[in-house]
S.K.: 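Pasting a structure here, questions to come.
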Protein chains: 4
Amino acid sequence: MRAETPTPVPVRPSVLVRDSDEPTAAALIAAAVEVMARNGYHGTSVRDIASAAGTSAAVLYHHFESKQRLLVTICDRGLDVLIHATEEAHDLAGPDPADRLRAIVGAHVGVHLDSQRESLIGNSEIRALEPAGRALIVAKRDVQQRIFDRVIRDGMRRLVFATGHPEDAARFVTAACTSVASWYHPDGPLGRNELIERYQAIALDAVGHR
Amino acid sequence: MRAETPTPVPVRPSVLVRDSDEPTAAALIAAAVEVMARNGYHGTSVRDIASAAGTSAAVLYHHFESKQRLLVTICDRGLDVLIHATEEAHDLAGPDPADRLRAIVGAHVGVHLDSQRESLIGNSEIRALEPAGRALIVAKRDVQQRIFDRVIRDGMRRLVFATGHPEDAARFVTAACTSVASWYHPDGPLGRNELIERYQAIALDAVGHR
Amino acid sequence: MRAETPTPVPVRPSVLVRDSDEPTAAALIAAAVEVMARNGYHGTSVRDIASAAGTSAAVLYHHFESKQRLLVTICDRGLDVLIHATEEAHDLAGPDPADRLRAIVGAHVGVHLDSQRESLIGNSEIRALEPAGRALIVAKRDVQQRIFDRVIRDGMRRLVFATGHPEDAARFVTAACTSVASWYHPDGPLGRNELIERYQAIALDAVGHR
Amino acid sequence: MRAETPTPVPVRPSVLVRDSDEPTAAALIAAAVEVMARNGYHGTSVRDIASAAGTSAAVLYHHFESKQRLLVTICDRGLDVLIHATEEAHDLAGPDPADRLRAIVGAHVGVHLDSQRESLIGNSEIRALEPAGRALIVAKRDVQQRIFDRVIRDGMRRLVFATGHPEDAARFVTAACTSVASWYHPDGPLGRNELIERYQAIALDAVGHR
DNA sequence: GATGAATGAGATTTCATTCAT
DNA sequence: GATGAATGAAATCTCATTCAT
């Protein structure tokens with residue numbers, strides 16, 4: 001039976017920035033997210049970021065050791081938010097694999113809608129990361145992926161899911177859910193929660209639920 | 001019953017370049033695809049492209065009016081290949097919606113595997129396109145998406161598919177299939193055709209094919 | 001009778017640059033004037049200017065948004081100097097139209113001798129100005145021309161001048177006076193003040209004085 | 001007394017090009033005149049010229065050994081036309097210095113109106129000439145200037161002119177007459193012949209013709 | 001600690017000219 | 001003889017980053 005309240009995890013858009021003591025650093029991160037989501041890492045200059053934040057490039061270098069470090073920060077915090085939200089949703093769901101899949105799909109899609117720009121950057125700018133940072137980010141992405149793997153494998157074991165290829169289905173589902181960040185428009189016809197519910201349903205179909 | 005031979009459309013990797021009379025232009029496109037797939041449009045310099053093609057930047061400008069025009073060419077040809085392969089697969093499949101979905105998923109995934117770099121560029125560098133080119137490319141992407149929409153809606157009408165949200169399922173499926181370009185490695189454990197077959201099966205599940 | 005002291009307004013060559021707070025910007029303007037007067041706007045590279053000023057091209061772009069903007073600045077300031085000197089000379093002269101014509105010819109020629117290079121640029125590089133800047137500069141040139149028009153028309157009304165075509169004579173005179181910038185050499189046989197006096201006399205003849 | 005018919009020498013606009021055997025070379029010269037008059041020598045590329053002539057740069061190099069040589073050709077032919085027209089007008093005029101001055105002013109202004117673009121180039125692109133060509137062109141310009149010098153000095157000797165500074169007056173007059181090339185617009189309010197007559201009159205005033 | 005100047009490398013693009021064919 | 005490709009230098013301008021003050 002369906003969980004009564006799929007309640008997708010609410011993620012404030014400002015999480016990424018919230019705990020920065022220095023408001024300037026926060027403004028710089030917000031500005032970087034804004035402009036990098038639009039033009040990409042290499043398409044964004046340090047001056048672009050600074051002027052979007054209302055300061056100068058020199059100030060940026062006072063808060064971040066490099067443009068690269070700023071990217072790592074954005075990706076890292078974004079993935080922390082994603083993983084945390086997904087794990088929390090998983091843990092709050094009951095033991096039913098279907099409920100669990102609904103929960104983590106809800107969290108994953110929810111974060112990709114609420115932190116759309118951060119997610120976009122986190123997915124498309126990995127290639128712009130230098131090796132050290134890239135390793136970190138890729139590892140965290142694997143953590144997220146493995147949450148899906150586990151839930152689906154668990155559902156197979158309990159005969160709640162029935163897909164011929166659990167790992168591929170997990171990848172299939174996360175990719176589809178991740179992609180919402182690249183096309184969703186909050187002012188469009190589809191409400192956030194409605195979209196989440198639909199993707200939850202489709203994901204369950206994709207893993208052969210029932 | 002399942003079609004015995006899902007036979008994914010074979011797409012030669014060189015389609016994009018094949019019919020160029022001028023070998024230099026073809027080499028430049030190939031080089032651009034190679035290096036832009038790795039570093040992105042803005043992360044790739046005209047000199048990078050030229051030297052990857054074994055020539056100079058001035059030669060590039062003899063064949064393409066700008067770096068931007070080169071990007072448009074790559075995206076445009078890539079989408080032409082994709083749409084053509086998908087339509088052809090669709091037309092060769094029988095009237096059964098399941099066969100048709102298998103066919104177009106096979107074509108879509110196949111092209112994204114065989115022209116992995118072109119696909120990567122076509123999906124991640126749309127933001128780097130200037131308005132005119134972007135409109136063209138977005139329109140062609142819509143064409144591709146509508147092929148999936150039609151097949152799935154048709155399957156719903158014939159009661160072969162049963163998803164609560166056909167349009168969302170179509171988007172879900174294409175996004176998942178598109179994503180293979182970003183992670184598949186030909187030397188990995190998963191063979192090209194095997195992957196295609198798996199994604200065909202998952203896609204059918206996702207649309208509620210019984 | 002002749003005014004005793006035609007004393008043309010002395011304009012130091014550095015007026016254009018004098019009141020710039022930033023010495024680097026001033027040096028760049030001076031260098032640009034120097035080299036553009038010799039080779040023209042399009043014949044002068046940004047590097048030429050920078051190296052004549054003892055800096056790099058990047059520094060130039062720190063002070064001026066473009067090479068074009070630098071040209072506008074030079075032309076604009078040059079014309080301000082010219083107009084101001086001419087108006088001041090006019091106002092210091094008595095009410096006699098002949099005195100006034102002597103005064104403004106003296107100022108016009110004087111500025112074209114003292115700021116020879118700026119004048120050269122201001123006259124020959126108008127075609128290199130983009131529309132916005134060109135409109136500004138052409139308007140200021142008209143202001144200068146109208147000073148001559150007014151003085152000569154006034155002299156006609158008072159029957160001090162007698163030319164068949166006052167407006168053409170005004171154009172005739174300013175063109176002749178402007179041209180000194182293109183051939184005068186300070187080390188040549190003709191002294192600055194002597195040249196001015198001669199042109200004052202010829203200008204009065206040209207408008208049919210007496 | 002006035003000469004009855006100052007009839008300024010009619011100069012066909014195509015003189016410069018007329019006697020070129022090869023129509024392509026002629027078209028290239030015409031195109032170069034057109035576009036260099038607008039943008040200057042350094043502001044004009046060889047491709048600009050070629051495409052304005054409807055050919056390619058390679059063809060240009062088939063007819064002219066360099067862009068520089070093309071400029072020399074234009075300037076040289078332009079001055080030949082000017083000098084020839086001026087000498088012819090001088091010789092056709094009677095012995096009266098006033099008639100002679102009218103004649104050469106008419107020729108000078110006429111050529112500068114009829115071959116406006118060639119004249120513009122000849123006057124403003126001397127700095128773009130390399131030493132050899134420049135010497136040639138400057139020498140020819142001196143020839144033209146000396147015609148004016150002689151006529152005015154002759155008028156002084158015969159007491160027909162009365163200027164304090166004959167040589168300066170000559171320079172004054174030629175500069176004013178030359179300048180018409182830079183502002184005259186054939187569709188403007190002032191007719192070609194009317195302008196010439198006015199400048200003849202003003203020139204006579206300028207040299208103190210009583 | 002914050003700011004404007006500086007920096008040198010490198011971005012995209014164009015140049016005049018030459019060379020095979 | 002005419003044409004398209006090629007060339008290497010140089011054009012304008014921007015880059016990430018550092019340094020005095």
Side-chain angles (χ1 to χ4, degrees), chain A residues 22 24-25 41-51 54-71 128, chain B residues 21-25 27-28 39 41-51 53-71, chain C residues 21-25 27-28 41-51 53-71, chain D residues 22 24-25 41-51 54-71:
Chain A
E22 314 187 39
T24 309
Y41 178 76
H42 290 300
T44 299
S45 80
V46 165
R47 278 187 158 90
D48 288 341
I49 299 167
S51 88
T55 29
S56 69
V59 166
L60 188 150
Y61 278 89
H62 198 71
H63 292 273
F64 299 92
E65 73 182 14
S66 69
K67 183 189 173 191
Q68 172 72 206
R69 198 72 193 71
L70 184 50
L71 175 61
Chain B
D21 308 320
E22 315 184 36
T24 309
L28 283 164
N39 302 327
Y41 178 76
H42 290 300
T44 299
S45 83
V46 163
R47 278 189 153 91
D48 289 340
I49 298 167
S51 88
T55 29
S56 69
V59 166
L60 187 150
Y61 279 91
H62 188 70
H63 292 274
F64 299 92
E65 71 182 15
S66 67
K67 183 188 173 190
Q68 172 74 204
R69 197 74 191 71
L70 184 49
L71 175 61
Chain C
D21 309 321
E22 316 183 35
T24 309
L28 283 164
Y41 178 76
H42 290 300
T44 299
S45 82
V46 163
R47 277 188 154 92
D48 289 341
I49 299 168
S51 88
T55 28
S56 69
V59 165
L60 187 150
Y61 280 92
H62 187 71
H63 292 274
F64 299 92
E65 72 182 13
S66 67
K67 183 188 173 190
Q68 172 74 205
R69 197 76 190 69
L70 184 49
L71 175 60
Chain D
E22 313 187 39
T24 309
Y41 178 76
H42 290 301
T44 298
S45 80
V46 166
R47 277 186 158 89
D48 288 341
I49 298 168
S51 89
T55 29
S56 70
V59 166
L60 188 150
Y61 278 89
H62 197 73
H63 292 273
F64 300 92
E65 72 183 14
S66 68
K67 183 188 173 191
Q68 174 72 206
R69 198 74 192 69
L70 184 50
L71 175 61

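The sequence lines fix the lettering, A, B, ..., with proteins before strands; numbering per chain opens at 1.
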S.K.: Does C:His62 put a side-chain nitrogen or oxygen below 4.0 Å from OP1 or OP2 of E:dA6?
M.R.: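 Result: no.
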
S.K.: Indicate, with a heavy-atom threshold strictly under 4.0 Å, whether B:Ser66 touches base, sugar-phosphate, or nothing.
M.R.: sugar-phosphate

S.K.: I need the NZ-C1' distance between B:Lys67 and E:dT12, as an integer number of Å.
M.R.: 8 Å

S.K.: When we call it a touch if two heavy atoms are under 4.0 Å apart, what does D:Ser56 touch: a base, just sugar-phosphate, or nothing?
M.R.: nothing

S.K.: Would you indicate, yes or no, if F:dC13 has its OP1 or OP2 atom less than 4.0 angstrom from a side-chain nitrogen or oxygen of C:Tyr61?
M.R.: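 Looking at the OP1 and OP2 atoms of F:dC13, one of them is under 4.0 Å from a side-chain N or O of C:Tyr61.
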
S.K.: Has the side chain of A:Lys67 got a donor or acceptor atom that lies under 3.5 Å from a matching backbone atom of A:His42?
M.R.: no

S.K.: Could you say whether D:His42 or B:Thr44 is positioned toward the 5' end of DNA chain E, judged by the nucleotide with the nearest heavy atom to each?
M.R.: B:Thr44

S.K.: Nearest whole Å is fine: how far is E:dT13 P from B:Asp48 CG?
M.R.: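 Answer to the nearest Å: 14 Å.
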
S.K.: Closer to the 5' end of DNA chain F via nearest nucleotide, is it C:Tyr41 or B:Ala58?
M.R.: B:Ala58

S.K.: Can you see which heavy atom on C:Ala50 is nearest to which on C:Leu28, and at what distance?
M.R.: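 Reported closest heavy-atom pair: CA-CD2, 4.3 Å.
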
S.K.: Measure the distance from CZ on B:Arg47 to C1' on E:dT12 and round it to the nearest whole Å.
M.R.: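 It is 9 Å, rounded to the nearest whole Å.
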
S.K.: In which stems does DNA chain F show up, taking only runs of three or more Watson-Crick or G-U wobble pairs whose two distances fall under 3.5 Å?
M.R.: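 E:2-21 with F:2-21 - these are the stems of 3 or more pairs that involve DNA chain F.
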
S.K.: Starting at atom CZ of A:Arg69, determine the distance to atom P of F:dT17, rounded to an integer number of angstrom.
M.R.: 13 Å

S.K.: Distance from C:Ile49 atom CD1 to C:Tyr41 atom OH, nearest 0.5 Å?
M.R.: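 Separation between the atoms: 8.0 Å.
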
S.K.: Could you state the atom-to-atom distance from CG of B:Leu71 to P of E:dA11 in whole Å?
M.R.: 17 Å

S.K.: Any side-chain N or O of D:Ser45 under 4.0 Å from OP1/OP2 of E:dT14?
M.R.: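 For E:dT14, neither OP1 nor OP2 has a side-chain N or O of D:Ser45 closer than 4.0 Å.
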
